[in-house]
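Please read the structure below before turning to the comments.
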Amino acid sequence: MDSKEFRIRGKEMIDLVADYLENIENRQVLPSVKPGYLKDLIPSEAPAHPDKWEDLVSDIERVIMPGVTHWHSPHFHAYFPTANSYPAICADILSDAIACIGFSWIATPACTELEVVMMDWLARLLNMPEFYLASSGGLGGGVIQGTASESVLVTLLSARNKAIHEAKLEHPEWSDYLIRSKLVAYCSDQSHSSFERATLLAPVKCRKLPCDKKYSLRGETLLNAIENDKKEGLIPFFVCATLGTTSVCSYDNLEELGPICHENNIWLHIDAAYAGSAFICPEFRPYLNGVEFSDSFNFNPHKWLLVNFDCSALWIKNRSFIVDSFNVDPIYLKHEHQNVAPDFRHWQIPLGRRFRSLKLWFVMRIYGATGLQDYIRKHVDLAKYFESLVNKDDRFEIVGEVTLGLVCFRLKQSNELNENLLKIITQDAKIYMVPSKINDIYFLRFAICASSTEKRHVEFAWENILKHTDILLKNNQ
Ligand SMILES: *Cc1c(COP(=O)(O)O)cnc(C)c1O
């Protein structure tokens with residue numbers, strides 16, 4: 001394909017994308033294919049000779065679409081949202097054209113420099129502490145990672161190296177391995193699985209601490225755990241606090257955890273992967289109170305801030321801990337400006353990196369702060385509306401508190417009945433939700449996900465749930 005043909009095919013592709021998204025509501029949100037469906041639809045070998053473009057395009061509907069879960073259908077209410085917007089798609093097209101690998105400043109100065117400024121823009125939108133901003137002239141700064149999982153892993157590894165270094169100052173005779181075997185990281189029992197996984201990779205001990213009745217990790221619980229571990233000769237070094245847990249969107253108590261971490265020289269990381277986007281609204285910013293105690297903060301604009309996957313924003317209070325932890329500097333990657341501009345390869349696990357800041361630049365400029373705030377507020381209002389529908393029916397109860405775009409609810413019946421309800425809703429595939437379970441209580445999660453979700457889709461979902469509930473309860477009598 002040459003540029004002349006690309007001008008034609010590319011524009012056709014844009015039309016295909018716009019048609020897909022405009023009409024997505026008419027597609028079944030959850031596919032009904034069985035595992036292995038695809039291999040029977042295409043040849044088992046790559047073509048020996050070029051295929052026709054038209055044949056390829058017609059195969060999209062035949063081969064791909066039957067196996068797509070439509071995350072951007074307004075009937076998609078599972079997991080948490082993943083963002084999608086036209087400005088972000090346009091930015092990705094440009095990123096694909098430049099197609100650089102921005103591992104160092106010289107490898108594409110704009111890629112590094114736009115990222116530095118965008119992370120400051122974003123930090124200001126969230127009203128983050130000044131020490132996280134590169135423009136403050138301090139030691140802090142932001143970087144775009146691929147996912148929250150990578151963000152917490154690089155943070156944990158940095159904190160681990162800092163803790164080993166500090167323990168050696170006191171005990172020069174201890175080996176790295178001995179010190180590592182004493183390190184303990186903490187999270188709550190509601191923390192995302194990616195943190196436990198990071199502790200397995202690090203590898204360091206992980207203590208999952210119990211939450212209070214509001215699914216929040218409290219200071220006293222942490223303090224007791226730290227004291228017990230210290231008595232055993234262990235070294236507490238890391239706490240992963242969550243703002244907006246995956247199960248019920250609850251919040252750990254930063255204002256209690258923060259001072260305890262500070263007094264015990266423990267790195268406090270905040271995982272706000274989903275909820276972080278909402279903190280751009282002044283009315284939701286109080287959830288972030290206590291952030292001034294943190295050493296690192298992460299949220300995913302690719303979840304709820306209209307920036308397509310992948311874009312996970314990570315800020316570090318003292319970047320030297322992350323840069324020094326992973327610094328290898330072979331001669332072919334060296335350049336003369338190494339000390340004045342960040343080389344983001346030191347801030348992450350892979351060497352290569354995409355020009356992801358373009359997506360942030362396009363989205364923040366085209367929506368503006370007010371456009372982004374309106375978007376968040378609309379989703380929260382829709383969730384509150386769904387909550388009001390649930391509350392009107394006394395066969396149901398709300399689980400946890402509806403603070404943002406997630407509503408957790410259940411029939412006031414056995415787990416088994418609730419499981420059956422979700423099973424028949426999922427088989428019917430008009431809407432898609434996933435369940436969760438806390439303290440052996442099974443419940444359904446209804447998340448506002450797609451940017452096209454309106455009040456009528458929320459009503460459609462509730463009517464669908466009621467229809468299946470009536471049938472289920474009748475058969476159960
Ligand atoms: C979604 C989520 C994650 C994982 O995000 P990835 O970017 O897919 O790694 C981690 N923590 C919380 C609280 C989440 O909601």
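Worth knowing before you read on, the calculation uses all heavy atoms, side chains too, and leaves out hydrogens, waters and symmetry mates. Counting starts at 1 for both ligands and their atoms, following the listed order.
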Looking at [Y] and [X], is any side-chain nitrogen of the basic one under 4.0 Å from a carboxylate oxygen of the acidic one?
X    : Y    : answer
R354 : D96  : yes
D212 : R218 : yes
K162 : E166 : yes
R124 : E130 : yes
R456 : E25  : yes
K214 : E401 : yes

For this session: Say whether S312 and ligand 1 are in contact under the criterion: heavy-atom distance to a ligand atom below 4.0 Å.
Result: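 So S312 does not count as touching ligand 1.
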For this session: Run the numbers on H269 and D295 for side-chain hydrogen bond (donor to acceptor under 3.5 Å, both in side chains), then give the verdict.
Result: CA-CA 6 Å; H269 174 77; D295 297 283; over 6 Å; no
Against heavy atoms of [X], which atoms of ligand 1 measure under 4.0 Å?
X    : value
S194 : 10 (C)
T246 : 12 (C), 13 (C), 14 (C), 15 (O)
F80  : 15 (O)
G244 : 13 (C)
H302 : 7 (O)

For this session: Could you name the option among C240, A273, S149, P81 that has the heavy atom nearest to atom 12 (C) of ligand 1?
Result: A273
Problem set entry | Option of least heavy-atom distance to atom 4 (C) of ligand 1 (set: Q190, E150, H192) | H192
Problem set entry | Under-4.0 Å heavy-atom contact with ligand 1, by part of N300 that carries it | side chain
For this session: Would you mind telling me if ligand 1 is within reach of the side chain of A148, the backbone, both or neither, using heavy atoms under 4.0 Å?
Result: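 For A148, the contact with ligand 1 is made by both the backbone and the side chain.
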For this session: For the residue pair N415 and K437, confirm or rule out a side-chain donor-acceptor distance under 3.5 Å.
Result: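 Judged by distance alone, the side chains do not pair up.
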Exercise. What protein heavy atom is closest to atom 15 (O) of ligand 1, reported as residue, atom name and distance in Å?
Worked result: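 Heavy-atom neighbour on the protein nearest atom 15 (O) of ligand 1: K303 NZ, 2.8 Å.
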For this session: Return the residue, atom name and 0.1 Å-rounded distance of the protein heavy atom closest to atom 11 (N) of ligand 1.
Result: D271 OD2, 2.7 Å
